[in-house]
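Some notes on the structure that comes next.
Keep in mind it's a predicted model, so treat the numbers as computed, not measured. Atoms within a ligand are numbered from 1 in the order they appear, just like the ligands themselves.
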Amino acid sequence: MTTNQVLVTGGAGYIGSHVVRQLGEAGYDIVVYDSCVTGSPEAVLFGKLVLGDLNDLDRLHQVFAEHQFTAVLHFAASLTVPESVLKPLDYYANNTRNTLNLLRCCQNFGVSQFIFSSTAAVYGEPGDAPVTEDTPTKPINPYGRSKLMSEMMLQDLGAALQYALCNLRYFNVAGADPGGRLGRTPVRQNIYSGPPVMPRSSAKRA
Ligand SMILES: NC(=O)c1ccc[n+]([C@@H]2O[C@H](COP(=O)([O-])OP(=O)(O)OC[C@H]3O[C@@H](n4cnc5c(N)ncnc54)[C@H](O)[C@@H]3O)[C@@H](O)[C@H]2O)c1
């Protein structure tokens, strides 16, 4: 059993794949859990890719049972703001309920370190700059609210069970791997054969 085994959800996506690369280069033993609805298997440069959807609680449970994770890094999400306005329940399902699924597994398997890829959309339109961690959160769309609700779940679980938690509230991300292996638009694959999940549109994302 290794002591540095980590689970990365959404590790086949843009940001997650860069994190996986850095974790891999740092010697972590990585399991990526991703449906590849927007991500790509080719973007997973280190570790093992498990194809699965976070809405599949049995599969998720199985993955936790087969490993001994010390930490979870959660990047999987839907992130197109206008789409979240048109299909709010899809966003609460994929971003909030599926985070609940993941947290349930963390609780059941005693994984107490959790890094959550939140978003600056939890601030809404803050007005004064700079925006800090103490700036009030007032999201103005379902995407931002779905993420803020996840943060609240995390906060409550962390308080109850003394978890080590981190919410990353970044603004729009840009950049590519200096080695040219990873960039903004990985090759789209359509190889997941589980329950349908929402495809990404080309509209504004955050
Ligand atoms: N890209 C940005 O500018 C930005 C800004 C702020 C926050 N974020 C957050 O960062 C995270 C990653 O964003 P990204 O730009 O890398 O997006 P992305 O679409 O490239 O990556 C998301 C990954 O999650 C996977 N995924 C989605 N739903 C899933 C599900 N139900 N089960 C399993 N896998 C699923 C996708 O296949 C994809 O690989 C998201 O949580 C997003 O909200 C992104």
Under-4.0 Å heavy-atom contact with ligand 1, by part of [X] that carries it:
| X | value |
| --- | --- |
| K147 | side chain |
| F171 | backbone |
| T9 | neither |
| D53 | both |
| L168 | neither |
| S35 | both |

How many angstroms lie between [atom1] in [X] and [atom2] in [Y], if you round to the nearest 0.5 Å?
| X | Y | atom1 | atom2 | value |
| --- | --- | --- | --- | --- |
| Y91 | R145 | OH | CZ | 13.5 Å |
| S78 | D90 | OG | CG | 7.5 Å |
| L49 | C36 | CG | SG | 5.5 Å |

Taking [Y]'s backbone N and O only, do any of them form a donor-acceptor pair with [X]'s side chain (distance below 3.5 Å, no angle check)?
| X | Y | value |
| --- | --- | --- |
| Q113 | T70 | yes |
| T9 | Y33 | no |
| N141 | V81 | no |
| Y123 | K138 | no |
| Q5 | D29 | no |
| T119 | A121 | yes |

Look only at interatomic distance and state if [X] has a nitrogen or oxygen under 3.5 Å from any nitrogen or oxygen of ligand 1.
| X | result |
| --- | --- |
| D34 | yes |
| G39 | yes |
| S40 | no |
| T38 | yes |
| V173 | yes |
| Y33 | no |

> With sequence neighbours excluded, what pairs up with R104 under the side-chain contact (heavy atoms from CB on, under 4.5 Å) test?
Replying inline: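 side-chain contact (heavy atoms from CB on, under 4.5 Å) list for R104, sorted by chain: N108.
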> Do E66 and R59 meet the salt-bridge criterion of a basic N to acidic O distance under 4.0 Å?
Replying inline: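 Salt bridge flag = no for E66 with R59.
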Report, in ascending order of atom number, the atoms of ligand 1 lying under 4.0 Å from any heavy atom of [X].
| X | answer |
| --- | --- |
| S118 | 7 (C), 8 (N), 9 (C) |
| C36 | 37 (O) |
| N98 | 31 (N) |
| Y143 | 7 (C), 8 (N), 42 (C), 43 (O) |
| G10 | 23 (C), 24 (O) |
| G52 | 32 (N), 33 (C) |
| N172 | 3 (O) |
| F75 | 11 (C), 12 (C), 40 (C), 41 (O) |

> At a 4.0 Å cut-off, with the gap strictly under it, does some heavy atom of V37 reach an atom of ligand 1?
Replying inline: yes
> Checking ring-ring contact (aromatic ring centres under 6.0 Å, His included) for the pair H67/F109: CA distance, chi angles, key distance, verdict?
Replying inline: CA-CA 10 Å; H67 300 88; F109 288 89; over 10 Å; no
> Quick one: which of A174, A77, A43, S17 has a heavy atom closest to atom 27 (C) of ligand 1?
Replying inline: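 Nearest heavy atom to atom 27 (C) of ligand 1 lies in A77.
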Table please: side-chain donor-acceptor pairs of residues 146-154 below 3.5 Å, with sequence neighbours left out.
| residue | atom | partner | partner atom | Å |
| --- | --- | --- | --- | --- |
| S146 | OG | N95 | ND2 | 3.1 |
| S146 | OG | P142 | O | 3.3 |
| S146 | OG | Y143 | O | 2.7 |
| K147 | NZ | S117 | O | 2.8 |
| S150 | OG | N95 | O | 3.0 |
| S150 | OG | S146 | O | 3.1 |
| E151 | OE1 | R169 | NE | 3.3 |
| E151 | OE1 | R169 | NH2 | 2.7 |
| E151 | OE2 | S118 | OG | 2.6 |
| E151 | OE2 | R169 | NE | 3.0 |

